[in-house]
Amino acid sequence: MNSAEAQQLAAGLHEARLAVRERERLTKAVADLSVSDAYAIQEAGILLRLAAGERRVGLKMGLTSEAKRRQMGLESPVFGVLTDRMRIAAGGTLEVATGIHPKIEPEIAFLVGQELAGAITLEEAARACTGVAPAMEILDSRYVGFKYFSLPDVIADNASSFMFVLGELRPLQGLALDRFDLQLSVNGELKQRATSDAISGHPLRSLVQLCGLLARRGQVLPAGSVVLAGAATVAEPLKAGDRVALRVEGLGSVEIAAA
Ligand code: OOG
Ligand code: MG
C-alpha cells in the first residue's frame with residue numbers, strides 16, 4: 001500500500017469520527033490489508049489530528065488482557081496514539097453524543113520519564129516510570145456496530161481510541177503492580193472486577209510489549225509519554241446520565257460523569 005492510499009483510508013476514518021457516523025470496516029474494501037498497512041493508516045490519521053492542532057501525549061496498549069481478546073475475538077495486543085484532546089479531567093464530564101457507540105473500561109496508566117527503546121526488561125520499564133495511576137479508557141469504534149473482525153481494522157482505527165481519564169499519579173516504589181484489585185462501577189453498581197495481573201500478567205509487561213511493537217516500526221517510546229496498559233476486563237457500554245468510577249485498592253480512584 002502506498003502512502004497516498006493510506007492517507008485516503010485514514011481520511012475516511014477521520015471524517016467518520018468527526019461526523020460521529022459509523023462506517024464499514026476497511027477490510028471490506030481492502031481484504032488484504034496488512035498489520036503494517038494498518039499502522040501506516042493509523043499514523044496518517046494521527047497526522048490529520050496534529051494538523052488540526054492536537055498534540056501527542058502518549059500511547060495506549062489494547063487487547064493485553066484475555067478478557068478483551070475474547071470479547072473482541074482478536075488474538076494479539078495492538079497500540080494506538082493518545083492526544084491531548086482525548087483527555088478528560090478526573091471528575092469531568094463526557095458528552096456521550098460526541099461518540100458513536102462509546103464504552104468504558106478499567107485501566108492502569110504509567111507516566112514514562114525517560115525514553116524507552118526496543119527490547120527492555122520489566123525492571124528497565126519500572127525504572128523509567130515516574131508515576132502510576134488508576135485510569136479509564138472510553139473506547140469508540142468508527143465501524144458499524146463496534147465490530148471489525150480483524151486486527152488491521154482496529155489498528156487502522158487507532159485501536160478504537162476515543163477519550164481517557166487519569167487518576168492521581170503516584171511513584172511505583174513499594175507497590176505490587178500486579179496485585180491491584182480493580183473495581184469498575186456504574187451508578188454505584190459494581191460492573192467489572194479483576195486483578196491487575198489480568199493485564200499482560202503484569203501491567204508493566206504491556207509497556208515492554210509496547211516498546212517491542214514500536215521497535216518493529218522503527219519507533220521509540222518518548223520521554224513524557226502517558227501509557228495506558230490496556231483494560232483488565234471487558235468494556236461497559238456508556239450512556240448519558242451514568243456516573244462511572246474505578247476504584248483500585250492501594251492506588252486510588254477516578255471518576256467521570258456521562259452526559
Ligand atoms: C480495541 C482496543 C482495546 C484495551 O484496553 O484492551 C483496548 C477494542 O476493544 O476496540 O483499548
Ligand atoms: Mg483500552
Side-chain angles (χ1 to χ4, degrees), residues 55-62 64-65 67-68 80-96 99 102-113 125-126 128-140 159-200 202-207 210 221 223-236 238 242-259:
R55 265 187 323 108
R56 289 178 203 264
V57 295
L59 291 143
K60 61 162 278 185
M61 281 297 277
T64 51
S65 72
K68 285 286 305 188
V81 175
L82 303 174
T83 74
D84 59 341
R85 207 159 307 153
M86 298 179 189
R87 185 157 176 187
I88 315 172
T93 300
L94 173 83
E95 298 286 336
V96 172
K103 299 187 208 173
I104 190 158
E105 54 186 20
E107 305 234 0
I108 298 289
F110 295 103
L111 182 62
V112 180
C129 288
T130 54
V132 56
M136 292 189 287
E137 180 173 26
I138 302 100
L139 294 173
D140 199 16
S160 312
S161 296
F162 179 37
M163 304 293 276
F164 68 97
V165 56
L166 300 186
E168 205 177 311
L169 285 156
R170 60 178 60 197
L172 280 62
Q173 286 72 28
L175 297 176
L177 295 168
D178 57 344
R179 306 298 284 274
F180 292 136
D181 176 27
L182 287 84
Q183 298 187 34
L184 183 82
S185 1
V186 181
N187 303 320
E189 193 186 323
L190 181 64
K191 291 285 192 187
Q192 296 293 338
R193 183 174 191 174
T195 309
S196 52
D197 66 354
I199 306 165
S200 301
H202 189 299
L204 275 175
R205 190 157 296 120
S206 286
L207 223 132
L210 173 59
L221 180 60
S225 297
V226 169
V227 175
L228 295 180
T233 72
V234 297
E236 283 287 319
L238 191 66
D242 285 346
R243 291 198 72 83
V244 188
L246 171 65
R247 191 141 46 87
V248 183
E249 208 56 55
L251 186 62
S253 298
V254 61
E255 225 181 283
I256 61 154

Does a side-chain heavy-atom distance below 4.5 Å link [X] with [Y]?
{"X": "Ile88", "Y": "Thr93", "answer": "no"}
{"X": "Leu166", "Y": "Leu228", "answer": "yes"}
{"X": "Glu137", "Y": "Ser161", "answer": "yes"}
{"X": "Leu82", "Y": "Arg56", "answer": "no"}
{"X": "Val244", "Y": "Leu184", "answer": "yes"}
{"X": "Met136", "Y": "Ile256", "answer": "yes"}
{"X": "Leu139", "Y": "Glu105", "answer": "yes"}
{"X": "Phe162", "Y": "Met86", "answer": "no"}

Which heavy-atom pair separates [X] from [Y] by the least distance, and what is that distance?
{"X": "Lys68", "Y": "Ala235", "value": "NZ-CB, 4.2 Å"}
{"X": "Leu246", "Y": "Glu107", "value": "CD2-O, 3.7 Å"}
{"X": "Leu207", "Y": "Ala125", "value": "CD2-CB, 4.1 Å"}
{"X": "Ala67", "Y": "Val234", "value": "O-CG1, 3.6 Å"}
{"X": "Ala232", "Y": "Ala194", "value": "O-CB, 3.8 Å"}
{"X": "Pro102", "Y": "Ile138", "value": "CB-CG2, 3.8 Å"}

Next on the checklist: Between Thr130 and Val112, is the side-chain contact (heavy atoms from CB on, under 4.5 Å) condition met? List the steps.
Outcome noted: CA-CA 6 Å; Thr130 54; Val112 180; over 6 Å; no
Checklist entry - So Leu175 and Phe180, side-chain contact (heavy atoms from CB on, under 4.5 Å) or not? Walk me through it. => result CA-CA 9 Å; Leu175 297 176; Phe180 292 136; 4.1 Å; yes
Checklist entry - Passes side-chain contact (heavy atoms from CB on, under 4.5 Å), Asp181 versus Gln183? Steps please. => result CA-CA 7 Å; Asp181 176 27; Gln183 298 187 34; 2.9 Å; yes
In Å, rounded to the nearest 0.5 Å, how long is the span from [atom1] of [X] to [atom2] of [Y]?
{"X": "Leu210", "Y": "Ser225", "atom1": "CG", "atom2": "OG", "value": "8.5 Å"}
{"X": "Arg243", "Y": "Glu189", "atom1": "CZ", "atom2": "CD", "value": "16.0 Å"}
{"X": "Ser200", "Y": "Met61", "atom1": "OG", "atom2": "CE", "value": "6.0 Å"}
{"X": "Leu182", "Y": "Glu249", "atom1": "CG", "atom2": "CD", "value": "10.5 Å"}
{"X": "Leu172", "Y": "Arg170", "atom1": "CG", "atom2": "CZ", "value": "11.0 Å"}
{"X": "Leu177", "Y": "Cys129", "atom1": "CG", "atom2": "SG", "value": "8.5 Å"}

Next on the checklist: What verdict does the side-chain contact (heavy atoms from CB on, under 4.5 Å) test give for Met163 and Leu94, after you've listed the backbone C-alpha separation in whole Å, the side-chain angles of each residue and the deciding distance to 0.1 Å?
Outcome noted: CA-CA 9 Å; Met163 304 293 276; Leu94 173 83; 3.6 Å; yes
Checklist entry - Within a radius of less than 6.0 Å around CZ of Arg85, do more than 12 heavy atoms belonging to other residues, nucleotides or ligands occur? => result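 Above 12, so yes.
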Next on the checklist: Can a donor-acceptor pair be found, under 3.5 Å and without considering hydrogens, that links the side chain of Lys60 to the backbone of Ala159?
Outcome noted: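 Side chain of Lys60 to backbone of Ala159, a donor-acceptor pair under 3.5 Å: yes, one is there.
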Next on the checklist: Has Thr64 got a side-chain atom pairing as donor or acceptor with Ala229's backbone, closer than 3.5 angstrom?
Outcome noted: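 Pair found, side chain donor or acceptor close to backbone of Ala229.
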